[in-house]
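To find a chain, count down the sequence lines: A is the first, B the second, and so on, and within it residues start at 1.
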Amino acid sequence: MKSGVALLCGLMFGAGLMISGMTEPQKVLGFLDILGPWDPSLIVVMAAALVVTFAGFMAVRRRATPLFAATLAWPSNREVDTPLIGGAALFGIGWGLVGLCPGPAIADLSTGSSPIVLFAGAMAAGMVARNLMNRRRATTDASAPEPG
Amino acid sequence: MTEFTPISAGIGGVLIGLAVVMLMLSIGRVAGISGIAAGVLEPQRGEWTWQLPFLIGLVAAPPLMHAAGYPLPHPVMPGSTTLIAMAGLVVGFGTRLSGGCTSGHGICGAARLSSRSIVATATFMIVAMIVVALTHHVIAGMP
């Protein structure tokens, strides 16, 4: 059941990206290019998604559990720290360079376009690199001698 | 040069929002694409069984829509192979470092009015706009 619903959600998400034109990096760049002939479509996509999500989450929050799983995994971290801002800035650099963020990059894999495959492969490598660094730090911390 | 398409943008945005709400209502998970992708790369028990089908749905959407009469996406990116690879690397690394991307922070987090997500969204939007301003208007012939 979980897998089937998730598949359906992925399909809807991908269809939304495609209908809105967000699977076209040029359209995303048209939004990011505020000094050029600006295309505000992306902000309409986000605004529409935000309104639906805001209202939907308000309704879901009244529930104790989701329909087909044990827990509602609402994120609890609210801390604004350096990794958050540094990571978002790095993401912004990559997004601005080519106009692709993770969702459209994965949906566009279906076109078989080799630049997309390259981007998605590099993106996966970046994600794994971050996880490895995280794990190494955790191991080092754990094996460090007790202070005193 | 792309045209402003408010109607299709609105319809697409509503679908994305519905997908996000449906995932939370049904299995209680946040539809953050970078987090889901990272989860599939390093599978965890009880999580990959929904994360992998979600990604399969995401990839299958364009061909299915195409079968229903929509034109397939035609992704065109500026820049060399090296630049595209570099961009992919920093997008992957950066989204994991900050714990989300356009969907996780920009839609799911911002809709919960999370200060963390709102700061992240403002940061990546402003930085991306500066990068585009530099590469399209300041540095001639870039990227």
Side-chain angles (χ1 to χ4, degrees), chain A residues 2-3 5-7 9-16 19-20 23 25 27 30 32-33 35 39 41 44-45 48-50 52-54 56 60 66-69 72-73 78 80 83-84 87-92 94-98 101-103 106-110 115 119 122-123 126-127 130, chain B residues 2 4-6 8-10 12-17 19-28 33-34 38 50 53-54 57-59 61-63 65 73 75-77 84-85 87-98 101-102 107 111 116 119-120 123-124 127-129 131-133 137:
Chain A
K2 261 171 99 166
S3 302
V5 180
L7 178 76
C9 290
L11 276 171
M12 277 172 65
F13 199 107
I19 291 171
S20 61
T23 44
K27 196 159 177 66
L32 295 172
D33 188 6
L35 301 179
D39 175 2
S41 302
V44 176
V45 179
L50 274 171
V52 172
T53 306
F54 182 80
V60 177
L67 297 172
F68 312 118
L72 284 162
R78 295 226 155 194
V80 175
L84 178 82
L90 277 177
F91 166 40
W95 196 32
L97 282 175
V98 296
C101 56
I106 294 169
D108 278 346
L109 279 175
S110 59
F119 180 92
M123 182 175 87
M127 288 176 167
R130 165 62 191 155
Chain B
T2 51
F4 180 38
T5 49
S8 56
V14 167
L15 265 176
I16 293 170
V20 167
V21 173
M22 208 165 100
L23 195 72
M24 185 53 85
L25 173 67
S26 59
I27 63 169
I33 310 298
S34 53
W50 70 267
F54 184 96
L58 195 55
V59 177
M65 295 287 292
V76 177
M77 282 189 280
I84 290 170
L89 265 178
V90 291
V91 166
F93 191 89
T95 51
R96 287 328 295 145
L97 189 59
S98 72
C101 58
T102 336
I107 297 170
R116 192 176 149 78
V119 169
T123 305
F124 64 65
V127 170
M129 282 173 171
V131 168
V132 172
H137 299 284

Carefully, step by step, assess B:Leu15 and A:Phe13 under the rule side-chain contact (heavy atoms from CB on, under 4.5 Å).
CA-CA 6 Å; B:Leu15 265 176; A:Phe13 199 107; over 6 Å; no
Write down the atom of A:Gly96, the atom of B:Val131, and the distance for their closest heavy-atom approach.
C-CG1, 3.7 Å
Sort out for me which of B:Ser26, B:Cys101, B:Ser34 touches chain A most, counting heavy-atom pairs under 4.5 Å.
B:Ser26
Residue from A:Ala107, A:Gly103, A:Gly14 scoring the most non-hydrogen pairs under 4.5 Å with chain B is A:Ala107
Can you check whether B:Val91 reaches A:Phe119 side chain to side chain, under 4.5 Å on heavy atoms?
yes
Closest heavy-atom contact between B:Ala111 and A:Phe54?
O-CD1, 3.1 Å
Which residue out of B:Val119, B:Thr95, B:Leu25, B:Val14 racks up the most heavy-atom pairs below 4.5 Å with chain A?
B:Leu25
Top residue by heavy-atom pair count (under 4.5 Å) with chain A, among B:Leu58, B:Ile107, B:Val21?
B:Leu58
Applying side-chain contact (heavy atoms from CB on, under 4.5 Å), run through B:Thr102 and A:Phe91 and close with a yes or a no.
CA-CA 10 Å; B:Thr102 336; A:Phe91 166 40; 3.5 Å; yes
Identify the two heavy atoms, one from B:Ala120 and one from A:Ala88, that lie closest to each other, and give their separation to 0.1 Å.
O-CB, 3.6 Å
Distance col, row A:Leu84:CG vs B:Thr123:OG1, nearest 0.5 angstrom, shows 6.5 Å
Under 4.5 Å from any heavy atom of chain B - which part of A:Val60
side chain
Side-chain H-bond candidate by donor/acceptor type, A:Ser41 with B:Thr5, under 3.5 Å:
yes
